Structures are given as structure tokens and as C-alpha cells.
Amino acid sequence: MQEKTSEAAKLLKASRHPVFLSGAGISAESGIPTFRGEDGLWKNYRAEELATAHAFQRDPKLVWQWYNWRRQIISEKKPNAAHYGVVKLQKLIPQMPIITQNVDGFHKKAGAKNVIEMHGNIFETFCFSCRAYSDADTTTEEVQKCGVCKSGLLRPGVVWFGEALPVNAMQQISIELQKADLILVVGTSGQVYPAAGFASVVQSKGGKSIEINIEQPVNVDLGLTGKAGELLPQIVEEYMKL
Ligand code: BV8
């Protein structure tokens with residue numbers, strides 16, 4: 001595998017503007033369940049039953065408590081070697097933005113800069129009706145009323161299925177993808193759009209794609225099969241030899 005991590009380092013070194021894209025797999029070694037894996041979140045729940053505005057309107061308490069359960073898990077865990085590997089890589093390639101589908105906040109927690117949390121952050125909360133952000137306690141069992149409009153219910157600050165992504169995040173991402181000549185994709189099943197289409201945007205402009213996944217990556221210029229927590233630090237090591 002050293003040959004591949006060295007090849008990845010060379011591609012990164014030769015790149016003028018690489019972008020980094022992560023999914024739930026980069027937090028797997030922190031002990032946070034992914035969505036579609038063997039022990040994934042969606043194994044016991046259906047995304048449509050929980051991660052949608054309709055689900056929240058139908059049963060706000062169920063959805064709120066599901067996010068409480070996930071926040072509890074995340075707050076007991078910490079970033080892993082993969083997150084710290086990306087921070088080291090970004091120190092070597094400061095122009096590399098980190099686009100993440102994850103809502104756990106672990107890239108920022110590990111010290112990464114220029115992080116675009118395209119699906120929001122599970123520890124943020126805003127009002128379902130007036131959309132005012134709230135710093136209310138997110139550990140309560142009960143769904144809380146908005147302190148601004150007094151009528152709406154507070155919801156997690158994440159992007160649900162069927163919801164548009166934050167405008168500023170999408171604007172930033174399109175600027176980065178236009179400049180990108182390489183994309184490094186780590187720990188995503190590539191099932192969720194628009195993130196799942198980012199690699200083909202870069203490739204369609206003649207850019208290169210590298211992917212790290214425990215399952216063999218396909219349709220990429222360079223695929224590394226293995227754990228992000230092992231491979232990312234190895235790529236950094238190889239990069240520093242160049
Ligand atoms: C939108 C927040 C439009 C909530 C999430 C085409 C174009 C546009 C939209 C669509 C489209 N087709 C369908 C859609 C709709 C939909 C969609 O994509 N549906 C899918 C299911 C087909 N998309 C949307 O609704 C998006 N909105 O496009 O809006 C619009 C415009 C205007 C007006 C209205 C609407 C919004 C999508 C956001 C959904 N929210 N999360 C929450 O977290 O509860 S998505 C959710 O899935 C998470 O954010 C997660 O990050 C994301 C993707 O999953 P992955 O990260 O890939 O995780 P997964 O478990 O699947 O895979 C983990 C991978 O890691 C695996 O491959 C595994 O092998 C690997 N792995 C495991 N361990 C390791 C590892 N790899 C390396 N090392 C390890 N140790």
C-alpha cells in the first residue's frame with residue numbers, strides 16, 4: 001500500500017488546487033456509527049422516517065430524541081488519526097478546503113481550517129418556523145419552543161433530505177470545485193447528492209480523483225482500500241518526503 005500512498009502524495013504535490021471531501025467513514029474510527037454500514041444508523045432507522053422535515057412535523061419528539069441520542073454519542077467521542085492527518089495535510093497544502101458531509105464538527109475540533117460543513121452541524125439548533133438560531137440546551141428530552149417567535153419548535157441545525165443546502169456553503173463549494181484540479185474523497189458511500197456528484201465535476205474538467213474507503217473505490221484515478229485513520233497519516237508521511 002505504500003506505493004499507493006506515495007502515488008497519492010505525488011498527485012497532491014503536483015496539484016495546484018486540491019479539495020478534500022469527507023463522509024461518515026472518516027469519523028468511524030472515532031466510534032461514531034456511519035449511516036449505511038453494517039452497524040450503520042440507517043440499519044435500525046429509515047432516513048425518511050427521521051432525517052426529513054416531514055418526519056419532524058409528524059413526530060417532533062421522536063426526531064428530536066434521535067438527534068439527542070446521536071449528539072450524546074458524538075459528545076463522548078473525539079477526532080481520530082484521520083481528522084488529524086487532514087489537519088497536517090492542510091498545513092502542507094493551505095489552499096486545500098475541507099468539504100464535509102458530516103455534522104459532528106470533528107474536522108474543526110481537530111484544528112482544521114476552511115471547513116465547509118455542507119450538511120450543517122448537529123450541535124446547532126434553529127426554529128422550524130421562523131428559522132431563528134438558538135443557543136438553547138440541546139440535551140433536553142422535550143422538544144423546545146422558539147424563544148424568538150414563541151410558537152415554532154427548535155430543530156437540529158442539519159440539512160435534511162429534500163432540503164436545500166445552505167446557500168453560502170453551496171456558493172463556496174462551487175467556487176472551490178471550479179478551481180479544483182484534484183479531489184481527495186474519504187469515507188463516503190457516494191449515495192447522497194449533491195456531494196456524490198463533486199468528484200465527477202472535478203473529473204469532467206480534467207481533474208484527478210483519489211478515494212480512500214474500506215471498500216474498494218471504483219471510478220477514480222487512484223483508489224486506496226483501507227482505513228482513513230491509517231492511510232491519511234501515511235499519505236502525509238509520503239508527502240513530507242517529496
Ligand atoms: C438537496 C444530515 C435539493 C442529517 C444528511 C440529485 C440531485 C440533488 C438531490 C438529489 C438527487 N437525487 C436525490 C436527491 C435527494 C437527496 C439524496 O441525495 N437522496 C439520496 C438518498 C438518493 N439529496 C438531498 O435531499 C439533499 N438536498 O439536494 O436539495 C433542493 C434544492 C432546492 C430546494 C429543495 C431541495 C440534502 C442531502 C442531505 C441529507 N442530510 N445528513 C443527519 O445527519 O441526520 S445526509 C447523510 O448521508 C449524512 O450527512 C452523511 O454524511 C451523508 C452521506 O453518507 P456518507 O457520509 O457517505 O455515510 P455512509 O454511511 O453512507 O458511508 C460511509 C462510507 O465510509 C462507506 O462507504 C464505508 O465503506 C466507509 N468507511 C467506513 N469506515 C471507514 C470508511 N472509509 C474509510 N475509513 C474507515 N474507517
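Just follow the structure's listing: the first ligand is 1, and inside any ligand the first atom is 1. These figures come from a predicted structure and were not determined experimentally.
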- Side chains of Ser200 and Phe198: does their closest heavy-atom pair fall under 4.5 Å? no
- Item | Crowding at CG, Asp137 (>12 non-hydrogen neighbours, <6.0 Å) | yes
- Verify side-chain hydrogen bond (donor to acceptor under 3.5 Å, both in side chains) between Glu176 and Gln172, making sure each step is shown before the conclusion. CA-CA 6 Å; Glu176 296 295 354; Gln172 272 184 283; 5.8 Å; no
- Query: Heavy atom under 4.0 Å from ligand 1: found in Glu29's side chain, backbone, both, or neither?
  - Reply: side chain
- Geometric N/O contact Trp160 with ligand 1, under 3.5 angstrom: no
- Task: Return the residue, atom name and 0.1 Å-rounded distance of the protein heavy atom closest to atom 53 (C) of ligand 1.
- Result: Gln101 OE1, 3.3 Å
- Task: Just need the protein heavy atom nearest to atom 58 (O) of ligand 1, so name the residue and atom and give the distance.
- Result: Ala24 CB, 3.4 Å
- Is ligand 1 less than 4.0 angstrom away from at least one heavy atom of Gly226? yes
- Item | Taking atom 1 (C) of ligand 1 as the reference point, the nearest protein heavy atom with its distance | Glu163 O, 3.4 Å
- Nearest-neighbour protein heavy atom for atom 16 (C) of ligand 1, which is reported as residue plus atom name and distance: Phe161 CD2, 4.1 Å
- Considering only non-hydrogen protein atoms, determine which one is nearest to atom 73 (N) of ligand 1 and report residue, atom name and distance to 0.1 Å. Ala28 CB, 3.5 Å
- Message: Using a plain distance cutoff, I'd like to know if Trp66 has any nitrogen or oxygen under 3.5 Å from a nitrogen or oxygen of ligand 1.
- Response: no
- Task: Using distance alone, decide if ligand 1 has a nitrogen or oxygen within less than 3.5 Å of any nitrogen or oxygen in Ala228.
- Result: yes
- Which is it for Phe56 and Trp64 under the ring pair (Phe, Tyr, Trp, His ring centres under 6.0 Å) test, yes or no, and what are the steps along the way? CA-CA 8 Å; Phe56 185 72; Trp64 177 258; 7.6 Å; no
- Task: Before giving the answer on salt bridge (Lys or Arg N to Asp or Glu O under 4.0 Å), spell out for Lys241 and Glu238 the whole-Å C-alpha distance, their side-chain angles and the decisive distance to 0.1 Å.
- Result: CA-CA 5 Å; Lys241 292 177 191 168; Glu238 292 300 319; 2.9 Å; yes
- Task: Counting heavy atoms only, name the option from Gln191, Met170, Arg70 that's nearest to atom 20 (C) of ligand 1.
- Result: Gln191
- Message: Going by the closest heavy atom to atom 71 (N) of ligand 1, which one wins out of Ser22, Pro156, Gly25?
- Response: Gly25
- Pairing residues for Phe126 by the ring pair (Phe, Tyr, Trp, His ring centres under 6.0 Å) criterion, not counting sequence neighbours: Tyr133
- Task: Name the option, out of Leu231, Ile214, Thr225, Asn213, that contains the heavy atom nearest to atom 66 (C) of ligand 1.
- Result: Asn213
- Query: To which protein heavy atom is atom 33 (C) of ligand 1 closest, and what is the distance rounded to 0.1 Å?
  - Reply: Ala164 CB, 3.7 Å
- Message: My understanding is that we take every heavy atom of each candidate and find the minimum distance to atom 2 (C) of ligand 1. Doing that for Ile32, Val186, Val159, Asn80, which one comes out nearest?
- Response: Val159
- Can you check whether Pro194 reaches Met170 side chain to side chain, under 4.5 Å on heavy atoms? yes
- Taking only heavy atoms of Gly187, which atoms of ligand 1 are found under 4.0 Å from at least one of them? 63 (C), 64 (C), 65 (O), 76 (N)
- Message: With respect to His119, determine whether any N or O atom, backbone or side chain, lies less than 3.5 Å from an N or O atom of ligand 1.
- Response: yes
- Task: Determine whether Ile235 and Leu12 make a side-chain contact, defined as any pair of heavy atoms from C-beta on separated by less than 4.5 Å.
- Result: yes
- Query: What about Gly23: any of its N or O atoms under 3.5 Å from an N or O on ligand 1?
  - Reply: no
- Considering the heavy atoms of Tyr67, write down every atom of ligand 1 situated less than 4.0 Å from one of them. 4 (C), 42 (C), 44 (O)
- Before giving the answer on side-chain hydrogen bond (donor to acceptor under 3.5 Å, both in side chains), spell out for Gln2 and Gln234 the whole-Å C-alpha distance, their side-chain angles and the decisive distance to 0.1 Å. CA-CA 8 Å; Gln2 195 207 342; Gln234 285 170 21; over 6 Å; no
- Message: Side chain or backbone, does Leu165 bring an N or O within less than 3.5 Å of an N or O on ligand 1?
- Response: no
- May I ask you to check whether over 12 heavy atoms, not counting those of Glu76, lie within 6.0 Å of atom CD? yes
- Message: For ligand 1 and Gly162, I'd like to know whether there is a polar contact (N/O to N/O, distance under 3.5 Å).
- Response: yes
- Where is the nearest protein heavy atom to atom 14 (C) of ligand 1: which residue, which atom, and how far? Tyr193 CB, 4.5 Å
- Which residue holds the protein heavy atom closest to atom 57 (O) of ligand 1, what is that atom called, and what is the gap in Å? Thr188 OG1, 2.6 Å
